Trainee: 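The structure's right below; bear with me while I get my questions together.
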Amino acid sequence: MSETPTDQRTDERGSVTDPAPDAAPNPRATEAEVRAAYDDPKLANVLYHDWEADTYDEKWSISYDDRCVDYAVGRFHYAAGVPAKPFERALELGCGTGFFLLNLMQGGIAKKGSVTDLSPGMVQVALRNAENLGLDVDGRVGDAERIPYPDDSFDLVVGHAVLHHIPDVEAAMREVLRVLKPGGRFVFAGDPTRVGDFYARRLGRATWWLTTRITRLPALSSWRRPQQELDESSRAAALEAVVDLHTFVPSELERTARAAGAVRVHARTEEFTAALLGWPVRTFEAAVPREKLGFGWAMFAYRSWLRLSWLDSHLRNWLPRDLFYNVLVTGRKAARRDPE
Ligand SMILES: C[S@@+](CC[C@H](N)C(=O)[O-])C[C@H]1O[C@@H](n2cnc3c(N)ncnc32)[C@H](O)[C@@H]1O
């Protein structure tokens with residue numbers, strides 16, 4: 001599939017030009033579009049993420065304060081080390097609402113930013129967030145397999161939780177290397193490992209099954225979300241299954257990046273016990289009425305995640321990297337005379 005409902009035009013190299021950063025998001029897809037999306041992961045991505053754009057930050061507890069700045073910068077440092085100086089120009093692929101790049105910019109990793117996403121709704125929200133934060137950011141609707149920027153444009157390309165949505169990851173990596181300047185770096189974080197996805201999905205499904213059954217008991221009826229909302233969540237989960245295309249074995253992801261032409265490639269992983277807790281917690285939160293879980297619950301979930309992440313940072317020295325839930329990969333475009 002190559003067409004998306006984003007009103008893009010292509011130039012002679014097949015790159016997307018004249019993108020439509022202000023194309024209307026599509027929160028109300030037609031029945032026919034939704035049906036077609038089940039066979040078309042890119043269309044599914046546009047519909048699903050346009051529909052989610054305005055509520056995405058709230059749903060995933062995304063903020064642009066110290067908590068998320070520390071998280072984003074921490075992921076960057078873990079993958080790529082501490083840069084000697086800020087990158088002049090950075091691009092984010094599959095930016096969503098801008099969580100990764102905007103927080104990296106606030107944390108001093110990059111000075112000027114560009115955001116791209118297949119979903120016009122997401123680009124719109126990311127640009128709004130950047131403006132509210134006073135950051136120097138432009139945005140274009142675009143496909144990671146045909147990045148809408150010229151060759152050698154960026155010092156840094158980043159992405160968070162995006163690689164697993166892209167049908168042809170190697171083609172996207174080739175595009176990343178095309179738009180990077182020689183010697184430029186890429187960092188992708190937040191994608192699921194094959195083993196991690198196996199246990200996370202099972203834990204999530206078991207929590208959903210248990211919570212929705214237990215809250216049918218009359219004594220717990222106030223903990224049950226209205227059936228219509230539960231049905232909507234199930235439909236969203238079905239579409240989510242269409243947009244989630246890959247899980248990664250870290251060594252295979254490294255091979256993919258090298259096959260695309262990257263040098264100095266390295267994948268690392270993180271979150272094991274934190275994921276074992278995090279998936280049931282997030283699924284439980286989605287299965288009960290929001291007002292039932294107040295500030296105390298949010299603090300419990302966040303502090304537990306912090307403690308378990310600390311534990312995981314030690315377990316990383318002992319357990320195989322394939323066991324952890326999140327994979328991060330970094331590498332470079334060869335400098336003009338860089339040895340392989
Ligand atoms: C799970 S969301 C992550 C958003 C954001 N990076 C974050 O971490 O909050 C994945 C994003 O990738 C976008 N996406 C999916 N496939 C894409 C593609 N082929 N090219 C560009 N963006 C894509 C989706 O529209 C969505 O906004």
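Nothing fancy with the numbering, it's 1 onward along the sequence. We count ligands from 1, going down the list as the structure has it; atoms in each ligand are counted the same way. It should be emphasised that the depicted structure is a prediction, and the values quoted were computed from it without experimental measurement.
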Trainee: Which ligand 1 atoms does Val162 reach within 4.0 Å, using its non-hydrogen atoms?
Mentor: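 Matching atoms, with element in brackets: 12 (O).
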Trainee: Using a 4.0 Å cutoff against the non-hydrogen atoms of Ala161, which atoms of ligand 1 qualify?
Mentor: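 Taking each heavy atom of Ala161 in turn, ligand 1 has 1 (C), 2 (S), 3 (C), 10 (C) under 4.0 Å.
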Trainee: Show the numbers, then the answer: is there a salt bridge (charged side-chain N to carboxylate O under 4.0 Å, His left out) between Arg178 and Glu175?
Mentor: CA-CA 5 Å; Arg178 179 183 67 74; Glu175 277 291 275; 2.8 Å; yes
Trainee: Which of the listed options, Tyr56, Phe188, Tyr48, Phe99, holds the heavy atom that is closest to atom 3 (C) of ligand 1?
Mentor: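 Shortest heavy-atom distance from atom 3 (C) of ligand 1: Tyr56.
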Trainee: Any nitrogen or oxygen of Ala144, main chain or side chain, under 3.5 Å from a nitrogen or oxygen of ligand 1?
Mentor: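 For ligand 1, there is an N or O atom that lies under 3.5 Å from one belonging to Ala144.
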Trainee: Using a strict 4.0 Å cut-off to heavy atoms of Gly142, name the atoms of ligand 1 that fall inside it.
Mentor: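 Listed by number with element, the hits are 20 (N), 21 (C).
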Trainee: Counting heavy atoms only, which of Asp168, Val243, Leu245, Leu118 comes nearest to atom 18 (C) of ligand 1?
Mentor: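 The nearest heavy atom belongs to Leu118.
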Trainee: Do you see a donor-acceptor pair shorter than 3.5 Å between the side chains of Asn103 and Asp70?
Mentor: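 Judged by distance alone, the side chains do not pair up.
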Trainee: Counting only nitrogen or oxygen atoms and a 3.5 angstrom limit, does His164 reach ligand 1?
Mentor: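 The answer is no, given that His164 and ligand 1 share no N or O pair closer than 3.5 Å.
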Trainee: Only one of Gln124, Met122, Arg128 clears side-chain contact (heavy atoms from CB on, under 4.5 Å) with Thr97; which?
Mentor: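 Per the side-chain contact (heavy atoms from CB on, under 4.5 Å) rule, the option paired with Thr97 is Met122, out of Gln124, Met122, Arg128.
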Trainee: Which is closest to atom 8 (O) of ligand 1 in terms of heavy atoms, Arg146, Glu145, Glu92, His160?
Mentor: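 That would be His160.
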Trainee: Compute the ring centroids of Tyr325 and Phe272, then answer whether they are less than 6.0 Å apart.
Mentor: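 No, the ring of Tyr325 stays outside the 6.0 Å limit from the ring of Phe272, centre to centre.
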Trainee: With a 4.5 Å heavy-atom cut-off, do Trp279 and Tyr199 have their side chains touching?
Mentor: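 No, every pair of side-chain atoms sits at 4.5 Å or beyond.
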Trainee: Is there a heavy atom in Ala172 that sits closer than 4.0 Å to ligand 1?
Mentor: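 It does not; every heavy atom stays at 4.0 Å or beyond.
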Trainee: Could you find the nearest protein heavy atom to atom 10 (C) of ligand 1 and give me its residue, atom name and distance?
Mentor: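 For atom 10 (C) of ligand 1, the nearest protein heavy atom comes out as His165 CD2, 3.3 Å.
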Trainee: Between Phe100 and His160, how do the two ring planes meet: parallel, tilted or perpendicular, split at 30° and 60°?
Mentor: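 Phe100 vs His160 ring planes: tilted.
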Trainee: Specify the protein heavy atom at minimum distance from atom 15 (C) of ligand 1: its residue, its atom name, and the distance to 0.1 Å.
Mentor: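 Of every protein heavy atom, Asn45 OD1, 3.2 Å lies nearest to atom 15 (C) of ligand 1.
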Trainee: Would Gly94 count as being in polar contact with ligand 1, using the rule that some N or O on each side must be under 3.5 angstrom apart?
Mentor: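 Such a contact does occur with ligand 1.
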Trainee: Does a donor on one side chain sit under 3.5 Å from an acceptor on the other, for Arg216 and Thr212?
Mentor: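 Distance-only check fails for Arg216 and Thr212.
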Trainee: Determine, considering heavy atoms only, which of Asn103, Asp117, Asp143 sits nearest to atom 19 (N) of ligand 1.
Mentor: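 Heavy atom nearest to atom 19 (N) of ligand 1 belongs to Asp143.
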Trainee: Do Lys42 and ligand 1 have an N or O pair less than 3.5 Å apart?
Mentor: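 Among all N and O atoms of Lys42, none is under 3.5 Å from an N or O of ligand 1.
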Trainee: Evaluate the ring planes of Phe188 and Phe186, with Trp represented by its six-membered ring, and classify them as parallel (under 30°), tilted (30 to 60°) or perpendicular (over 60°).
Mentor: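 The rings of Phe188 and Phe186 sit tilted, inter-plane angle from 30° to 60°.
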Trainee: So, applying side-chain contact (heavy atoms from CB on, under 4.5 Å) with Leu104, which one of Val158, Val187, Val69 is it?
Mentor: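 Among Val158, Val187, Val69, the one meeting side-chain contact (heavy atoms from CB on, under 4.5 Å) with Leu104 is Val158.
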Trainee: Give me the nearest non-hydrogen protein atom to atom 24 (C) of ligand 1 as residue plus atom name, then the distance to 0.1 Å.
Mentor: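 I find the closest protein heavy atom is His49 ND1, 3.2 Å.
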Trainee: Side chains of Glu145 and Ile166: does their closest heavy-atom pair fall under 4.5 Å?
Mentor: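 They are in contact (side-chain heavy atoms under 4.5 Å apart), so the answer is yes.
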Trainee: Measuring from non-hydrogen atoms of Ile62 to any atom of ligand 1, is the shortest distance under 4.0 Å?
Mentor: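 In this structure, Ile62 qualifies as a contact of ligand 1 - some heavy atom is under 4.0 Å.
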Trainee: Record the part of Cys95 in heavy-atom contact with ligand 1 below 4.0 Å; permitted values are side chain, backbone, both and neither.
Mentor: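 Contact part for Cys95 vs ligand 1: backbone (N, CA, C, O).
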Trainee: Same cluster or not: are Trp297 and Val288 linked, directly or through other Ile, Leu, Val, Met, Phe, Trp or Tyr residues, by side-chain heavy atoms under 4.5 angstrom apart?
Mentor: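 Yes.
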